[in-house]
Asks: 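Sharing a structure with you now.
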Amino acid sequence: EAGVAQSPRYKIIEKRQSVAFWCNPISGHATLYWYQQILGQGPKLLIQFQNNGVVDDSQLPKDRFSAERLKGVDSTLKIQPAKLEDSAVYLCASSAGQGENSPLHFGNGTRLTVT
Amino acid sequence: AQSVAQPEDQVNVAEGNPLTVKCTYSVSGNPYLFWYVQYPNRGLQFLLKYITGDNLVKGSYGFEAEFNKSQTSFHLKKPSALVSDSALYFCAVRVPYSGNTPLVFGKGTRLSVIA
């Protein structure tokens with residue numbers, strides 16, 4: 001099966017600019033996640049979708065970050081305006097169910113550098 | 001709140017020797033535990049999980065992990081390391097039946113297998 005697709009792979013922007021990331025999950029996967037992985041740290045959940053509804057966005061900095069999953073398939077994550085501390089790898093993942101024991105399937109990520 | 005500790009930033013082992021990557025957790029209740037591996041410039045890949053039952057679980061690429069409730073540990077092991085096992089390893093925990101608690105990752109352990 002095709003894996004989780006993410007684009008772009010790399011992005012360099014200046015602080016205060018905006019940026020958007022795209023994710024296409026594995027076909028049929030109802031649950032989609034966005035994680036932020038800062039260098040030297042484990043991934044941290046930003047937002048979780050079940051189909052096109054938000055299940056958990058408690059750790060999403062809503063003053064600058066937004067995400068949507070229209071039609072319950074693809075998803076976009078946006079940062080506006082970006083700060084230096086947003087430099088990280090943004091990982092999209094999907095799982096077959098909302099089951100708590102379902103493994104997550106990750107994309108290769110988008111590496112964001114904010115200068 | 002749930003948390004995961006990976007006490008070693010780096011583990012070095014000679015090819016052919018057994019390897020252990022340590023993980024301890026802190027949760028209220030019985031945990032679901034996972035190991036993921038991350039190769040350079042790639043997303044995380046699922047290795048194995050403990051949900052219930054036999055404390056020794058086997059996963060991909062010859063890896064296994066042992067759940068020890070009394071020591072709140074879930075160490076990753078492999079009897080004979082390969083150079084290709086060199087990667088970043090993440091332990092993760094989730095508490096089932098506790099609302100929508102997210103999967104929480106440790107900070108990762110870099111495994112280096114030396115030929």
Asks: Side chain, backbone, both or neither: which part of B/Q38 has a heavy atom under 4.5 Å from chain A?
Replies: side chain
Asks: B/F105 vs A/Y35, test: side-chain contact (heavy atoms from CB on, under 4.5 Å). Steps then yes/no.
Replies: CA-CA 11 Å; B/F105 287 87; A/Y35 279 84; 3.7 Å; yes
Asks: Under 4.5 Å heavy-atom distance to chain B, tell me which part of A/Y90 shows up: side chain, backbone, both or neither.
Replies: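 For A/Y90, neither part sits under 4.5 Å from chain B.
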Asks: Has B/I114 got more than 12 heavy atoms of other residues, nucleotides or ligands less than 6.0 Å from its CD1?
Replies: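 It does: B/I114 CD1 has more than 12 such atoms within range.
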Asks: Go through the atoms of A/L104 and report whether side chain, backbone, both or neither lie under 4.5 Å from a heavy atom of chain B.
Replies: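 Both backbone and side chain of A/L104 come within 4.5 Å of chain B.
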Asks: With a sphere of 6.0 Å drawn around NZ of B/K22, does it hold more than 12 non-hydrogen atoms of other residues, nucleotides or ligands?
Replies: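 It does not: B/K22 NZ has 12 such atoms or fewer within range.
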Asks: Is A/Q37 close to chain B through its backbone or its side chain, or both, or neither, when contacts mean heavy atoms under 4.5 Å?
Replies: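 The side chain, not the backbone.
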Asks: Quick check for you: to the nearest 0.5 Å, what is the distance between B/F46 atom CZ and A/S102 atom OG?
Replies: 10.0 Å
Asks: Report which part of B/Y36 has an atom under 4.5 Å of a heavy atom belonging to chain A: side chain, backbone, both, or neither.
Replies: side chain
Asks: Are A/L70 and A/V54 grouped together when hydrophobic residues (ILVMFWY) are joined by side-chain heavy atoms under 4.5 angstrom apart?
Replies: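 In one cluster with A/L70: A/V54, no.
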Asks: Which answer fits B/L44, side chain, backbone, both or neither, if we ask what part of it has an atom under 4.5 Å from a heavy atom of chain A?
Replies: both
Asks: Check this for me: A/R9, atom CZ, are more than 12 non-hydrogen atoms of other residues, nucleotides or ligands nearer than 6.0 Å?
Replies: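 Buried by this count: over 12 neighbours within 6.0 Å.
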Asks: Judged by atom type as modelled, is there a donor-acceptor pair below 3.5 Å linking the side chain of A/R111 to the main-chain atoms of B/N41?
Replies: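 Answer holds: no.
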Asks: Give me the atom names and distance for the closest heavy-atom approach of A/Q41 to B/F90.
Replies: O-CE2, 4.0 Å
Asks: Heavy-atom count around B/N68 CG within 6.0 Å, excluding the residue itself: above 12?
Replies: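 Atom CG in B/N68 is crowded, with more than 12 foreign heavy atoms closer than 6.0 Å.
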Asks: Would one find more than 12 heavy atoms of other residues, nucleotides or ligands at under 6.0 Å from atom CG of A/L39?
Replies: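 It does not: A/L39 CG has 12 such atoms or fewer within range.
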Asks: Can you confirm whether more than 12 heavy atoms, excluding those of A/K62, are under 6.0 Å from its NZ atom?
Replies: yes
